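Just so it is clear, the structure is predicted and the values come from calculations on it, not from any experiment.
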Amino acid sequence: MLRLGNVARDPAILTYTLDRDDGTALILRPLEHGDADGLAAFLAGLSAETRRLSTFDGYDLDAARELCAAIARHDKLRLVLDASRAGPAPSSGTIVGLMEFSLDLPPGDVARYRRAGIRLTPADCRFGPTLADDHQGKGVGSRVFPLVADVARRFGRRRIILWGGVLADNPRAISYYVKHGFRTVGRPFPGPDGAPSLDMILDLPPAGGVAV
């Protein structure tokens, strides 16, 4: 079973190539300390609507540096979708997505799920994805998700819950999660800005299996 320290020492153990229909590829890999500038460009480029749907504390270089400084220091694992290493003429530092895992569960989530009749355990983790605006709606998220499930399994996780839930007025995201096997849990709850959010959970299928 992987640990965060293993990944920090050898990012290659969680590095995947993601082929796209246009013949190019993206690299899904762990966030590294040298990614601050590229991550800042990604955060700054997110539209107002994408920011509304995200969970970041900031969208500038300081926020990016904080995320990079947190590598292997807490319970968080962050993977980036990197277009800079793809294609015959790669550019430098082109981050187009950020996949966040939290390997510990906050008491508020545990209590909320308990009220819905579900006991969360250390075999569960939280997950939240964000894609650059020009990569949304193009099937990238669906191609990434089997890799997300593989990462969770390699850390010994058996279920995934959504990081902060999903806003109830985000039908595209809800449809995406349902497509990949998540189910809604409990009642809507107020998110950080008071907007109604939904909890969703996925029972991970075994490697090579299909979520149903």
*Take T15 and I13 through the test side chain to side chain contact (heavy atoms under 4.5 Å, CB included) and record every step on the way to the result.*
CA-CA 6 Å; T15 296; I13 62 178; over 6 Å; no

*Y177, Y113: one ILVMFWY side-chain cluster at the under-4.5 Å cut-off?*
no

*If every non-hydrogen atom of L167 is compared with every non-hydrogen atom of A195, which pair is closest and at what distance?*
CD2-CB, 3.8 Å

*Taking atom types as modelled, is there a side-chain donor on D150 or Y16 under 3.5 Å from an acceptor on the other?*
yes

*Hey, could you give me the CG/CZ distance between L147 and R154, rounded to the nearest 0.5 Å?*
10.5 Å

*Note, V80 side chain near E32 side chain (heavy atom, < 4.5 Å)*: no

*Would you say the side-chain atoms of H33 pair up with the backbone N or O of C68, donor to acceptor, closer than 3.5 Å?*
yes

*Mind telling me whether F145 and F127 have parallel, tilted or perpendicular rings, with 30° and 60° as the class edges?*
perpendicular

*Counting only N and O atoms by type, is there a donor-acceptor contact under 3.5 Å from the side chain of D133 to the main-chain atoms of S47?*
yes

*Step-by-step side chain to side chain contact (heavy atoms under 4.5 Å, CB included) determination, T121 to R119*: CA-CA 6 Å; T121 76; R119 179 177 175 270; 3.4 Å; yes

*Report the C-alpha distance between R153 and L204 in whole Å, list the side-chain angles of each, state the deciding distance to 0.1 Å, and finish with yes or no for side chain to side chain contact (heavy atoms under 4.5 Å, CB included).*
CA-CA 8 Å; R153 281 191 292 263; L204 281 168; 4.1 Å; yes

_Same apolar cluster (I L V M F W Y, side chains within < 4.5 Å links), W163/F56_ = no

_Test item: I27 and L18 side chains (from C-beta on) under 4.5 Å apart, heavy atoms_ = no

*Between M200 and I160, is there a shared hydrophobic cluster once you connect ILVMFWY residues whose side-chain heavy atoms come closer than 4.5 Å?*
yes

*Are L28 and Y176 joined in one hydrophobic group, where the rule is that I, L, V, M, F, W and Y side chains link up if heavy atoms are under 4.5 Å apart?*
yes

*Just by modelled atom types, is the D109 backbone N or O under 3.5 Å from a matching donor or acceptor in the R114 side chain?*
no

*For the residue pair P30 and L14, what are the closest heavy atoms and their distance?*
CD-O, 3.4 Å

*Heavy atoms only: give me the nearest P129-M99 pair and the separation to one decimal.*
CB-SD, 3.6 Å

*Regarding R78 and the six-membered ring of F101, is the cationic atom NZ or CZ under 6.0 Å from the ring centre and inside 45° of its axis?*
no

_Euclidean distance, K76 NZ relative to R126 CZ, rounded to 0.5 Å_ = 6.0 Å

*Minimum heavy-atom distance A152-C125, with the two atoms named*: CB-SG, 4.2 Å

*Which value, rounded to the nearest 0.5 Å, describes the distance between L131 atom CG and L98 atom CG?*
9.5 Å

*Hey, could you give me the CZ/OG1 distance between R29 and T17, rounded to the nearest 0.5 Å?*
12.0 Å

*Is there a donor-acceptor pair under 3.5 Å between the side chain of D10 and the backbone N or O of V7?*
no

*Examine distances only and state if a side-chain atom of N6 and a backbone atom of R3 form a donor-acceptor pair shorter than 3.5 Å.*
yes

*Is it true that R157 and D124 have a side-chain N and a carboxylate O under 4.0 angstrom from each other?*
no

*Hey, quick one: are V166 and V178 part of the same hydrophobic cluster, counting side-chain heavy atoms closer than 4.5 Å, chains of contacts allowed?*
yes

*Does atom CG of D134 have more than 12 heavy-atom neighbours from other groups under 6.0 Å away?*
yes

*Can R51 be said to sit on top of Y59's aromatic six-ring, NZ or CZ under 6.0 Å from centre and within 45° of the ring axis?*
yes

*NZ/NE/NH1/NH2 to OD/OE distance under 4.0 Å, D60 and R65*: no

*Close side-chain approach of S142 to H180, heavy-atom, < 4.5 Å*: yes

*asked:* Using 0.5 Å steps for rounding, measure from the CD1 atom of I95 to the CG atom of L26.
replied: 12.0 Å

*Could you give the distance from CG (L77) to CZ (F155), rounded to the nearest 0.5 Å?*
5.0 Å

*Walk me through it: do I161 and D199 pass the test side chain to side chain contact (heavy atoms under 4.5 Å, CB included)?*
CA-CA 7 Å; I161 68 172; D199 278 320; over 6 Å; no

*Do the non-hydrogen side-chain atoms of R112 and V110 ever get within less than 4.5 Å of each other?*
no

*asked:* Can you confirm whether the side chains of T130 and E100 place a donor and an acceptor under 3.5 Å from each other?
replied: no

*SB check D203 R183 (cutoff 4.0 Å)*: yes

